[in-house]
Amino acid sequence: MSANKIQHKVNHVALVVDCSGSMYQHQGQLIRVVDEFVAGLKAESDILGHETRISLYSFDHRVENLVWDMDVKHLPSMRGLYKVNNGATALIEASLKSLDDLGHIWEEYGEHSFLQIVVTDGEENASGGDRRHDGDMTILRPWLDRIAAKMGALPGHWTSAILVPNSLAKRTAQNYGFPAGNIAIWDADSQKGVEDAIGTVRAAATSFLRGREQGVRGTKNLFAVGQDISVDEVRANLEPVAADRYRLLKVDKETEIRAFVDSHPGVTYQRGACYYQLGTRVQVQPDKDVIVVEKDTDRAYTGDAARNLLFGTGIHGTVSVKAGNNPKLEVYVQSRSVNRKLKANTRLLIML
């Protein structure tokens with residue numbers, strides 16, 4: 001290989017969206033927020049100097065490719081492309097088809113990575129035909145075997161993730177082979193559920209693109225935040241909090257937040273003044289501030305840019321996130337609850 005050859009990064013993103021009848025209530029909003037998701041991919045790719053190409057699929061009991069591996073800079077609106085139909089849910093077939101299609105991309109030149117994200121508000125009931133099979137194992141078993149084999153054989157530079165409507169669907173997705181860290185739950189019944197879901201997807205895609213800069217080409221922990229930022233980035237973009245304006249307290253056992261704070265001399269619980277350490281998955285609402293803390297020095301940083309640094313620019317809704325593994329930094333999220341349960345072996349940051 002020539003010493004001066006440019007090995008540019010190419011990201012192939014496939015967004016696979018349910019268009020079965022139950023998605024009708026979300027149709028207009030979904031079009032808007034997917035357009036915003038694509039705009040976010042474009043903005044982050046421009047910042048990083050990546051080439052990002054996107055494919056869009058919709059599925060009910062049929063699977064349809066709407067856009068194939070197009071540069072995000074040229075992608076038109078989803079309006080006129082995405083339409084909800086009165087069909088069932090061929091979830092496995094749609095997941096397999098998008099992966100199989102991406103497998104035809106030639107990877108000889110450039111450093112390629114693949115990211116598939118599936119969004120559904122229901123469970124599999126139609127793969128392999130145009131009629132509902134509703135869990136008939138004689139029909140479903142071959143599809144279960146196919147997707148488990150496909151997921152188990154994905155190369156390390158491939159990432160497959162899914163948003164599902166509840167914990168039962170999450171367990172089912174794990175049985176299909178989706179890694180637990182690449183499954184998030186969204187509220188398919190709320191008015192703002194789609195916006196929050198795409199916000200979660202957008203934050204994950206931002207994290208994925210940034211991880212590429214650190215040499216990470218695939219992940220089994222997509223819906224985590226903070227693992228892809230450095231101390232230098234935090235210091236350059238966020239505002240330091242004066243050391244006399246906050247305290248960090250160690251939480252030794254699970255306890256309620258107000259009782260924990262009031263048990264320490266010199267501090268009293270005040271709504272909005274406490275920030276819990278991000279750990280397992282939580283919903284972070286758009287009005288919640290975040291703080292980043294250096295582990296070695298306990299220096300804290302915050303500001304208007306903190307959410308953008310962690311979740312990606314232009315994300316205005318709720319995001320479903322958990323803490324990524326960062327040896328240098330911890331993330332803290334504002335709480336306004338008087339009875340939030342603090343987890344053992346974490347810390348609580350209190351603004352004074």
Side-chain angles (χ1 to χ4, degrees), residues 164 166-168 170-171 174 180-181 183-187 190 192 196 199-200 203-204 207 221-229 231 234 238-303 306-307 309-311 317-352:
V164 294
N166 53 52
S167 57
L168 176 61
K170 179 177 180 178
R171 289 194 293 273
Q174 285 183 260
I183 306 171
I185 295 174
W186 68 289
D187 183 358
S190 75
K192 57 193 286 292
D196 293 346
T200 297
S207 177
N221 206 24
L222 182 68
F223 296 116
V225 298
Q227 74 270 24
D228 54 350
I229 58 174
V231 172
V234 169
L238 305 188
E239 303 166 11
V241 183
D244 60 356
R245 288 192 54 219
Y246 66 95
R247 283 180 61 180
L248 280 161
L249 302 176
K250 179 71 186 303
V251 182
D252 294 319
K253 61 181 180 180
E254 185 173 300
T255 183
E256 287 191 358
I257 189 169
R258 181 164 62 178
F260 175 78
V261 173
D262 290 344
S263 70
H264 288 77
V267 290
T268 303
Y269 177 83
Q270 294 184 20
R271 190 184 296 268
C274 298
Y275 293 71
Y276 61 91
Q277 184 179 342
L278 182 61
T280 55
R281 185 167 307 284
V282 295
Q283 302 287 322
V284 181
Q285 292 76 19
D287 60 341
K288 298 294 179 64
D289 293 331
V290 292
I291 294 176
V292 181
V293 173
E294 294 182 27
K295 291 182 180 180
D296 292 343
T297 65
D298 282 347
R299 291 173 183 162
Y301 301 82
T302 190
R307 286 180 66 97
L309 184 64
L310 288 167
F311 308 142
T318 298
V319 291
S320 174
V321 294
K322 65 179 181 179
N325 181 24
N326 191 316
K328 299 291 186 181
L329 299 167
E330 294 172 341
V331 177
Y332 291 77
V333 178
Q334 187 179 34
S335 173
R336 297 192 180 95
S337 170
V338 299
N339 56 5
R340 168 173 286 280
K341 288 290 176 68
L342 301 176
K343 301 295 184 181
N345 302 314
T346 63
R347 296 198 293 177
L348 182 72
L349 186 149
I350 305 173
M351 295 296 293
L352 304 176

Enquirer: Minimum heavy-atom separation for Ala300 and Leu349, please, with both atom names.
Expert: CB-CD1, 4.3 Å
Enquirer: Would you compute the distance between atom NZ of Lys322 and atom CG of Leu222 and round it to the nearest 0.5 angstrom?
Expert: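 Between Lys322 NZ and Leu222 CG, I get 10.0 Å after rounding to 0.5 Å.
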Enquirer: Please check if the number of heavy atoms outside Lys288 that lie under 6.0 Å from its NZ is greater than 12.
Expert: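 Yes, the 6.0 Å shell around NZ holds more than 12 heavy atoms from other groups.
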Enquirer: Rounded to the nearest 0.5 Å, what separates atom CG in Leu248 from atom CG in Asp298?
Expert: 5.0 Å
Enquirer: Got Asp296 and Glu294 here, is their nearest side-chain heavy-atom distance under 4.5 Å?
Expert: no
Enquirer: Roughly how far, to the nearest 0.5 Å, is CG of Leu352 from CG of Asp244?
Expert: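 These two atoms lie 8.0 Å from each other.
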Enquirer: Answer with yes or no whether the side chains of Asn326 and Lys295 bring together a donor and an acceptor at under 3.5 Å.
Expert: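 Note: Lys295 and Asn326 side chains miss the donor-acceptor criterion.
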Enquirer: So, taking the atom named CG in Leu348 and the one named OH in Tyr275, what distance separates them when rounded to the nearest 0.5 Å?
Expert: 11.0 Å
Enquirer: Enter the distance from Leu249:CG to Gln277:CD here, rounded to the nearest 0.5 Å.
Expert: 12.5 Å
Enquirer: Report the distance from atom CD1 of Ile183 to atom OG of Ser167, rounding to the nearest 0.5 Å.
Expert: 11.5 Å
Enquirer: Between side-chain atoms of residues 250-268 and protein atoms elsewhere (two or more places apart, or another chain), which donor-acceptor pairs fall under 3.5 Å?
Expert:
from: Asp262; atom 1: OD1; to: Tyr269; atom 2: N; distance (Å): 2.8
from: Ser263; atom 1: OG; to: Phe260; atom 2: O; distance (Å): 2.6
from: His264; atom 1: ND1; to: Phe260; atom 2: O; distance (Å): 2.8

Enquirer: Nearest heavy-atom pair of Met351 and Tyr246: which atoms, and what distance?
Expert: SD-CB, 3.9 Å
Enquirer: Return the minimal non-hydrogen interatomic distance between Tyr301 and Pro240, and the atom names on each side.
Expert: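 For Tyr301 and Pro240, the tightest heavy-atom pair comes out as CD2-CA, 3.7 Å.
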Enquirer: What pair of heavy atoms forms the shortest contact from Val321 to Val284, and how long is it?
Expert: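 Closest approach of Val321 to Val284, heavy atoms only: CG2-CG2, 3.8 Å.
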Enquirer: If you define the side chain from C-beta out and look only at heavy atoms, does anything of Leu309 sit under 4.5 Å from Ile229?
Expert: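 Contact flag for Leu309/Ile229 side chains = yes.
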Enquirer: Pairs of donor and acceptor atoms involving the side chains of residues 331-342, under 3.5 Å and at least two apart or interchain, shall be tabulated with distances.
Expert:
from: Tyr332; atom 1: OH; to: Glu330; atom 2: OE1; distance (Å): 2.6
from: Tyr332; atom 1: OH; to: Arg347; atom 2: NE; distance (Å): 3.2
from: Gln334; atom 1: OE1; to: Asp289; atom 2: N; distance (Å): 3.1
from: Gln334; atom 1: OE1; to: Arg336; atom 2: NH2; distance (Å): 3.3
from: Gln334; atom 1: NE2; to: Gly272; atom 2: O; distance (Å): 2.8
from: Ser335; atom 1: OG; to: Ser337; atom 2: N; distance (Å): 3.2
from: Arg336; atom 1: NH1; to: Asp287; atom 2: OD2; distance (Å): 3.2
from: Arg336; atom 1: NH2; to: Asp287; atom 2: O; distance (Å): 3.1
from: Ser337; atom 1: OG; to: Asn339; atom 2: N; distance (Å): 3.2
from: Ser337; atom 1: OG; to: Asn339; atom 2: OD1; distance (Å): 2.8
from: Ser337; atom 1: OG; to: Arg340; atom 2: N; distance (Å): 3.1

